[in-house]
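Accompanying notes for the structure given below.
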Protein chains: 2
Amino acid sequence: MADSTPKIQPATTGELDERKAAILNAVVAEHIDTAQPVGSNSVSTNEGVNVSSATVRSEMVSLEREGFLVQPHTSAGRIPTDKGYRYFVDHLGRGVLPHTQHSTLANFFSHLRGEMEEVLTQTSQMLNEMSNYTSVIIAPSHASATVRSVQVVDLGPRRCVVVAILSDGEAVRRTLELPFEITPEQVSEASTQIASLLFGNTLEQRVEVPSRDTPVATLVRDAIASLYRSTPTFEEDRVYIGGSAKVADTFDTVEAVRNVLGLLEKEIVVVNLLEDILQQGLSVAIGSEHGYEPLSTAAVVVAPVTVDGEVTGAVGLLGPTRMNYPEALATAQLVSEQLGQRLGDLIGER
Amino acid sequence: MADSTPKIQPATTGELDERKAAILNAVVAEHIDTAQPVGSNSVSTNEGVNVSSATVRSEMVSLEREGFLVQPHTSAGRIPTDKGYRYFVDHLGRGVLPHTQHSTLANFFSHLRGEMEEVLTQTSQMLNEMSNYTSVIIAPSHASATVRSVQVVDLGPRRCVVVAILSDGEAVRRTLELPFEITPEQVSEASTQIASLLFGNTLEQRVEVPSRDTPVATLVRDAIASLYRSTPTFEEDRVYIGGSAKVADTFDTVEAVRNVLGLLEKEIVVVNLLEDILQQGLSVAIGSEHGYEPLSTAAVVVAPVTVDGEVTGAVGLLGPTRMNYPEALATAQLVSEQLGQRLGDLIGER
DNA sequence: ATTTGGCAGTCGAGTCTACCGAGTGCCAAG
DNA sequence: CTTGGCACTCGGTAGACTCGACTGCCAAAT
């Protein structure tokens, strides 16, 4: 509205004319670097901005009116708003990681061995060390894995454990308390019955269980019910966090640190947060864009992890809004690709 | 050495005469309360100390010489040293928790349901909320649990998963990559062979495996080897931490917060820390008593968790050296008892 | 019509000073 | 041995002042 001049505007810069964009860019870049308010002088000496500080100043008042910048107080420089960061991120040329990072990453993945948990734990740690931000990895859900085997094991008086093994290699274990004693034969019969009932189904597709009243039938029914009762652990265990200690350094108020740590503790919330962001088609959520109050001073960079062409998880980096977006984006991107491949190998073809 | 008067000293107060003890006590108590250096005046008005501030002062220089107190600077009050806290803790009358806490605790445990992981997660959270310190719970180790069942499940081309179920209900799962295709019959034969080889042993007691070279024998050997290869996850999974966000509030320097969080991330270290402290027969480790550098400004209160008369785990509270020891001790104590009982029920008789 | 240099004005941050008061150590009297 | 009294120390706070990094505005230049 402030800019109604009928001038040819280059399409590449979107809503802002080229000069404003350059100025905004310079402000964001410098603020990310120095954490200080940025003044018109340092902007005007910036390459890419070839106007005097006075001109920069007048452009900055306009950028402030439009909500891209704010002044902490009169007679201070400007700092970007969430909207300012958003513009910066949206008009970012895909940054390329330095070669050294590329190769340490390749090296890391080539030396990575072990079960999925180890792979993810290690990756999240590496990601944290590499980016210096707190890293979050969401592992593939087991929701679409089908049952390959079920076994009931007698553990002692009226107590047994039922274990289902899923097609992705995961084991789901539940303990059962029985209202009666039971013989080994009955246990093994229940095992085979349950297995044949559930085989090939996911744990989400509920199958009909014949409701007879023999001990075996009761055991079968109880066992299946317990497998269906999804414990919170099931979703929580998908979260791997690397470097929560970094929160103390990257955020500058105690308040923020407490909030972020508090949120990271609630692992289900973390899963939802990342999935929400991806759902919105974003790769960065800045400030309060994601709607999670405690993270209003934070930014989250997310990259989906795809296995066999399907989005099954996510890789995220969490930092203050003035985080190094180009680098963080590139890192998350790269790691998520590599991780997707690796998980594909681990899970195998279905 | 400073105190060589041949006076009858009451045995109850140990190395310090009664008056010094009372003064030290007052200083510690007030410092815990206010986080400020404590001066002679406020001590002399304290009940239990019926001498003038001048006398208190002269006693305080003596306490300082003996290493129980320090002055942050001349003309400031005194604060306790680690040694001062140690004395305070060692001569503490067993505090009793207020009735309200007692009953919320009972209420909590009576409503607690589910598998071990849930029980421990919930307990650690409750403990944190109740004490306002970061809580740590170490779950019973599976080291002494014996194998009750082993099953190999074919997952697809040259890939299978082996699951062992232990007497405590835990399942140990490993994925295997095979150098050859294998038939369902061979898989089930391997299953029974492995089961009969391992049954009744712990995963620590290695059994001899016949080294023939048939596909089944290879599978058996590989599977057993993979079960023996203990993943780090096995020990790490014993740690449950509640309220790491509280670290940001309870410690006052960023440095300390970073250190503590950094240590909490390394779960194996946490296990060792608590077990070390218990091994030393302590229930509180103050400052650098435990030898873990990053925690030199912290104190850890620990209570063993006993199941069937055996120490199998621990309950801990982590705070600054000026934490509320009486309350923390009482809380940890109580929770560990209740938890021990509950875990006994969960694991059942062997 | 824009851009620019110049200029007055604002305000945070740092320095210096003075002062207050909590707390000490010491000592002489009780 | 204890106590009140006294001189002294030193951190913290408040006020005055300066410095300098900014801004906004404006008139001259392009």
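Any value given below was found using the heavy atoms of this structure, including those in side chains, with hydrogens, waters and symmetry copies removed. Predicted model only: the values in this text are computed from it and were never measured. Chain A is the first sequence line, chain B the second, and so forth, proteins listed ahead of strands; every chain is numbered from 1.
- Of the candidate nucleotides D:dG24, C:dG25, C:dT4, C:dT4 has the atom lying nearest to any side-chain atom of A:Ala54.
- OP1 or OP2 of C:dT3 has not a single side-chain nitrogen or oxygen of A:Ser52 nearer than 4.0 Å.
- In this pair, A:Tyr292 and A:His290 present their aromatic rings perpendicular. The plane angle is above 60°, beyond the 30 to 60° band.
- Nearest approach of B:Gly287 to B:Asp82, heavy atoms of both residues: CA-OD2, 3.3 Å.
- For the pair B:Gln36 CD and C:dG21 P, the interatomic distance rounds to 17 Å; values are reported in whole Å.
- Listed by residue number, A:His73, A:Thr74, A:Ser75 are the residues of residues 67-79 of chain A with a heavy-atom contact under 4.0 Å to DNA chain C.
- Atom CG in A:Asn41 sits about 8 Å away from atom P in D:dT23, given to the nearest Å.
- At a cut-off of 3.5 angstrom, the base of C:dG6 holds at least one donor-acceptor pair with the side chain of A:Arg57.
- Rounded to whole Å, atom C1' of D:dT2 lies 13 Å from atom CG of B:Asn50.
- Nucleotide C:dC26 holds its C1' atom 16 Å from the CD atom of B:Glu59, rounded to whole Å.
- A straight line from NZ of A:Lys20 to P of C:dT3 spans 11 Å, rounded to a whole angstrom.
- One can place CE of A:Met60 at 9 Å from P of D:dC22, the figure rounded to the nearest angstrom.
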Handout entry: Test log, rule side chain to side chain contact (heavy atoms under 4.5 Å, CB included), inputs A:Val300 and A:Leu317
Key = CA-CA 6 Å; A:Val300 189; A:Leu317 286 171; over 6 Å; no
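- Around atom NE2 of B:His99, no more than 12 heavy atoms belonging to other residues, nucleotides or ligands sit under 6.0 Å away.
- The CD-P distance, from B:Glu30 to C:dA22, rounds to 14 Å in whole Å.
- For D:dG24, neither phosphate oxygen OP1 nor OP2 lies less than 4.0 angstrom from any side-chain nitrogen or oxygen of A:Ser58.
- For A:Gln71 (side chain) and A:Arg78 (main-chain N/O), no donor-acceptor pair under 3.5 Å exists by modelled atom type.
- One distance of note links OH of B:Tyr87 with NZ of B:Lys20; it measures 10.0 Å at 0.5 Å rounding.
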